[in-house]
Amino acid sequence: MVEDSQIEATVSPFAVKKGEIKTFDGKDGYVSMQQIINKINLGHINELHFAILEILNEFEFITSRQLCQILNTKGVEYGTQDKLNNKLEQMVKSKMLTRYFFSSLEEGKGTYRVYCLEKMGKYLLTSRGIECKWQPSDNTKPVGMIKKRLAGNQILLAYLRKVKAFDEYTVKPALTAKTLGKTFRATGGSVKLTKNGKSIIFVFEVIRREDDWEKKLEDKMKFYGDFYNNFQLGDSGYNALPQLIINCEDEKHIVETYKNIVMKGLEIPKIKLYFTTDLRQNKESLADTLVEFKLDAETNKYKMINVELKLLDI
């Protein structure tokens with residue numbers, strides 16, 4: 001598997017492209033539970049398959065490369081990525097998982113596949129007493145929502161693998177905007193970092209250049225503003241204000257996003273607002289992957305600067 005630092009991409013694979021569509025790449029047809037049971041009895045479905053199902057149950061959408069990284073961190077043996085891909089193909093044929101790819105008129109078929117649960121996968125998880133809220137309509141989510149999840153996965157895995165102070169992650173953290181009476185989720189997940197007995201939580205909001213993204217950003221920032229401006233100890237399970245980090249597609253997108261926030265008066269006085277991008281997560285160290293905006297006294301204009309955080313060292 002290619003290491004993050006060896007990736008030479010200039011455009012994030014999780015950026016939304018104009019006219020991009022999601023295309024089904026799974027298997028049609030019927031598979032009975034008896035067929036699945038026979039495969040379990042013969043050892044063709046084993047603990048590795050169940051480990052994969054549990055990961056999909058947690059993350060909802062995932063690439064095979066991300067799956068490899070998670071299995072590595074869990075110490076689960078799977079051989080090579082090619083062998084894992086063969087296992088995934090078997091699981092797709094058995095209707096435990098299904099698969100999609102993205103394509104656009106400009107760039108054609110995408111280079112990676114996205115995996116998610118299918119009905120047999122849910123049945124098997126439930127049979128082991130594992131809560132699984134998956135339903136078929138989950139797989140109908142649009143390109144923008146899926147790519148937000150994939151970008152969020154990449155962030156969580158980067159912190160898990162590269163930050164010494166990493167403690168734990170939450171894939172879909174829930175926060176409450178009390179005044180608006182709305183519970184919402186951070187699209188990029190959250191990580192808890194602990195050092196010398198002190199902890200801080202980073203909450204990640206993933207922004208994509210999907211249709212009407214500026215309006216979606218405005219709506220989400222209003223929720224965050226409500227949460228932070230009315231925060232009290234214990235709200236949404238937090239004992240201190242979590243740090244909000246907005247993850248954009250690229251450097252230009254950071255500027256576009258911050259401009260929208262300022263022009264619409266959506267700044268949050270109680271916190272510093274940090275930004276990052278998908279490709280910044282590929283750095284060997286995450287210590288300089290965050291940026292913030294500061295007012296330049298000479299030009300009276302906001303300037304984007306890198307933030308050095310030793311807490312994010314390897």
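Residue numbers count from 1 along this sequence.
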Short side-chain to backbone donor-acceptor contact, Arg280 and Asp288, under 3.5 Å: yes
Side chain Thr276, main chain Thr289, donor-acceptor under 3.5 Å: yes
For Tyr274, all residues meeting ring-ring contact (aromatic ring centres under 6.0 Å, His included), sequence neighbours excluded: none
Side-chain touch Leu266/Asn260, heavy atoms, less than 4.5 angstrom: no
Any donor-acceptor pair under 3.5 Å from Lys74 side chain to Ala51 backbone: no
Centroid-centroid distance, Tyr228 to Phe223, less than 6.0 Å: no
CG (Asn229) with more than 12 external heavy atoms under 6.0 Å: yes
CA sep, side-chain torsions, deciding dist, call: His253, Asp250, side-chain hydrogen bond (donor to acceptor under 3.5 Å, both in side chains): CA-CA 5 Å; His253 193 208; Asp250 49 51; 5.4 Å; no
Flag, side chain of Glu58 to backbone of Val171, donor-acceptor distance under 3.5 Å: no
Donor-acceptor pair between Lys162 and Ser285 side chains, under 3.5 angstrom: no
Residue pair Phe293, Phe275: steps toward the ring pair (Phe, Tyr, Trp, His ring centres under 6.0 Å) verdict: CA-CA 9 Å; Phe293 287 85; Phe275 296 82; 5.6 Å; yes
salt_bridge(Glu54, Arg128) N-O dist < 4.0 Å: no
Euclidean distance, Gln154 CD relative to Asn247 CG, rounded to 0.5 Å: 8.0 Å
Main-chain N/O of Met91 paired with Ser94 side-chain donor or acceptor, under 3.5 Å: no
Side-chain donor or acceptor of Ser236 paired with backbone N/O of Thr176 under 3.5 Å: yes
Point-to-point distance, once rounded to the nearest 0.5 Å, from CD of Gln81 to CG of Asn86: 11.0 Å
Centroid-centroid distance, Phe231 to Tyr238, less than 6.0 Å: no
Minimum heavy-atom distance Asp278-Ala15, with the two atoms named: OD2-N, 4.4 Å
Ion pair Asp138/Lys122, N-O distance below 4.0 Å: no
CD-CG distance between Glu118 and Leu53, expressed to the nearest 0.5 angstrom: 11.5 Å
Pairs satisfying side-chain hydrogen bond (donor to acceptor under 3.5 Å, both in side chains), at least one member in residues 194-203, at least two apart: Asp167-Thr194, Thr194-Ser199
Aromatic Phe102 / basic Lys147 pairing, under 6.0 angstrom, 45° off normal: yes
Lys270, NZ atom: more than 12 neighbouring heavy atoms under 6.0 Å: yes
From Ile201 atom CD1 to Leu244 atom CG, the distance as rounded to the nearest 0.5 Å: 13.0 Å
Within-4.5 Å side-chain heavy-atom neighbours: Tyr112 and Arg65: no
Tyr100 and Tyr115 aromatic centres sub-6.0 Å: no
Interatomic distance, Tyr159 atom OH to Ser190 atom OG [nearest 0.5 angstrom]: 11.5 Å
Basic-acidic side-chain contact under 4.0 Å: Lys182, Asp226: no
Residue list, salt bridge (charged side-chain N to carboxylate O under 4.0 Å, His left out) with Lys215, at least two apart or on another chain: Asp219
Axial cation check for Phe14 ring with Arg208, 6.0 Å and 45° limits: no
Donor-acceptor contact below 3.5 Å, side chain Glu249 vs main chain Val16: yes
Interatomic distance, Thr98 atom OG1 to Lys119 atom NZ [nearest 0.5 angstrom]: 11.5 Å
Lys/Arg-Asp/Glu bridge criterion (N-O < 4.0 Å) met for Asp25, Arg99: yes
Note: Glu60-Arg149 ion pair, threshold 4.0 Å (strictly below): no
Donor-acceptor contact present, side-chain Ser32 to main-chain Gln35, <3.5 Å: yes
Tyr302-Tyr258 aromatic ring centre distance below 6.0 Å: yes
Row check, Phe166 ring normal vs Lys192 NZ/CZ: under 6.0 Å, within 45°: no
Candidate pair Asn153 and Gln66, rule side-chain hydrogen bond (donor to acceptor under 3.5 Å, both in side chains), full reasoning: CA-CA 7 Å; Asn153 293 349; Gln66 291 175 345; 3.2 Å; yes
Within the 6.0 Å centroid threshold, strictly below: Tyr169 and Phe59: yes
